[in-house]
Amino acid sequence: MDDLQFGNRNKRGDWAPTAHLELPPFWRRPFSLPKVLAWIPEYLFPWNALHMATALIWWFFVVPDVETMQTLSWGWALWLYAVNAAAIFVFYGSVELFWYVRRKQGTRFKYNGKFPSDQPSDVFWFKSQNLDNFLRSFFISIPLWTLVEVLFLWAFANSWAVWLPWETHWPWLVVLALISPAIHEVHFFAIHRLIHVPILYRWIHSVHHNSVNPSPWSSLSMHPVEGFLYHAVAFWHLIIPSNPLLALYQLHLAGFGAVNGHIGFDKLEVTEDTPLNSHAYAHYLHHKYFEVNYGGDGLIPLDKWFGYWHDGSKDGEALMNARFQKKKERMNAKAART
Ligand SMILES: [Zn+2]
Ligand SMILES: [Zn+2]
């Protein structure tokens, strides 16, 4: 596909889409019902449907029976870790293999014109972003993902949380499934904004931001505190009356869904003429400019409400620069006072 029909490439080889990021249509005015209806399939497919599909597979084929989960033990915890790690290896690994190792698409639709493996840097373990990100994912974040999973399954198995059956409570559970991505958005925005507070940023979140030019392995490359808080989104289902399947879905939206922000390509050419939208641009801009777009795509537009939204346009850029300028002035004034 010709990516220049959809965007522009600058002298450095970085590509940017012509279309700016837009909030989901129910936030836009004037309200348009046809636009909302047209947005629903895009909301469900393919990504949220994929995360629901994996949650169903885990629930029916991976998660042990309730009696086993009533008691904590290494056996079933390690089994869950092995399956989670294998699934991420295959899922993230296949994007990495085809788009970053074999580079089947070259740099078409790639926001940053360079590949991380061509840019060794001292900030990474072994000077390699790939190796650093890979090791942090498999030995820090996926174990913490599994810890969260074990804890909520253990809580459900012991009836410490409200376990609503589908037969009697399906209307509420369907609503909860539909708003789970919004729960993710609010939880992620809150913890993410928190770890951008300077002292926490230096201690915790700078690890994730070492990857200025993210690739799939960057998705779960996190400090342990962030790795735990990020996956802890599933614990909302211990507070809200829910069902363990939905807690799993919430966990998969976080764990598997993290790749969306870090794919690095706007569209994946699955075949020559079948582009798959990655929804990666908002979070790519976060990795590029740091203090914009703390949430995701604006499903709940917290970034917009707090003034952090960068939609990729010239106006978005100007708003961001005005905010940075004000911050600089505040810091200079503070320095002058002390
Ligand atoms: Zn990120
Ligand atoms: Zn960040």
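Every number for a ligand or one of its atoms is a count from 1 in the order of the listing. Sequence positions, counted from 1, serve as the residue numbers for this chain.
The aromatic rings of Phe256 and His252 lie perpendicular to each other, with more than 60° between the two planes, well past the 30° mark.
No side-chain donor-acceptor contact under 3.5 Å links His205 and His223.
In this structure, NE2 of His196 and NE2 of His192 enclose an angle of 100° at the Zn ion (ligand 2), rounded to 10°.
A centroid separation of 6.0 Å or more is found between the aromatic rings of His184 and His187.
Looking at His283 and the Zn ion (ligand 1) together, the shortest N, O or S contact belongs to NE2. Checked against the Zn ion (ligand 2), the N, O or S atom of His286 at the shortest distance is NE2. Its N, O or S atom nearest to the Zn ion (ligand 1) is what matters here, and for His287 that atom is NE2.
Formation of a donor-acceptor pair under 3.5 Å by the Asn293 side chain with backbone atoms of His283 is not found in this model. With Asn277 contributing its side chain and His279 its backbone, the two residues share no donor-acceptor pair below 3.5 Å.
Backbone or side-chain N, O or S atoms of His205 reach the Zn ion (ligand 2) at under 2.8 Å.
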